[in-house]
Visitor: 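Quick one: the structure is below, questions incoming.
This one's a predicted model, so the numbers in the text were calculated from it and none came from an experiment. Atoms within each ligand, like the ligands themselves, are counted from 1 in listed order.
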Amino acid sequence: MSEWCQNKKCPQKKNQNQIRGSKGAKYYQSNKASGYYEHWCSMGCRESWWQDHKDTCMNAVGFIDKQILPLDDAWYVEYKYDWREESHNRYHLINKLKGISRVITQQQAQTPEQIVEDHSWSTIDGTQAKELAITLGLDS
Ligand SMILES: [Zn+2]
């Protein structure tokens with residue numbers, strides 16, 4: 001790990017905040033890596049690094065073939081806010097591959113922790129959605 005932006009061209013941004021040194025011997029330096037971008041200072045520096053190193057990364061990780069998600073694993077829960085709708089109609093258990101969309105309760109759509117957090121848009125994940133579908137007799 002390094003505290004500095006990993007884009008070697010970072011100083012070439014020539015931003016005011018990158019100037020260091022005393023008169024006659026001034027220079028631009030890299031920014032520090034920032035929390036959100038982890039190893040880079042910005043999206044631009046991350047993109048520049050990626051352009052330089054994507055072949056190395058892809059060869060290290062390896063290429064994969066086409067992936068599929070079969071219909072039995074295609075369940076998900078969606079929160080749809082619509083001011084015209086009754087508040088109890090906002091959560092849907094959906095499997096588009098099976099052509100199913102079923103209104104469910106908030107208690108079914110969210111974990112107890114999510115209900116406590118009071119973020120109405122966060123919902124159970126795909127695995128839990130499939131379990132719910134089985135419980136409701138929509139899948140086996
Ligand atoms: Zn940078």
Visitor: Strictly under 2.8 Å of the Zn ion (ligand 1): which protein N/O/S atoms qualify?
Guide: C5 SG, C10 SG, C41 SG, C45 SG

Visitor: Does the side chain of K8 pick up a donor-acceptor pair with the side chain of S48 at under 3.5 Å?
Guide: no

Visitor: Any chance you could measure I19, atom CD1, to K26, atom NZ, to the nearest 0.5 Å?
Guide: 6.0 Å

Visitor: Sequence neighbours left out, what pairs pass ring-ring contact (aromatic ring centres under 6.0 Å, His included) with at least one residue falling in residues 1-45?
Guide: W40-W49

Visitor: Y79: what forms a ring pair (Phe, Tyr, Trp, His ring centres under 6.0 Å) with it, not counting sequence neighbours?
Guide: Y91

Visitor: How would you list, by chain and number, every residue that makes a side chain to side chain donor-acceptor pair (under 3.5 Å) with D125, sequence neighbours excluded?
Guide: none

Visitor: Give, for atom CG of D52 and atom CD of E47, the distance between the pair rounded to the nearest 0.5 Å.
Guide: 10.0 Å

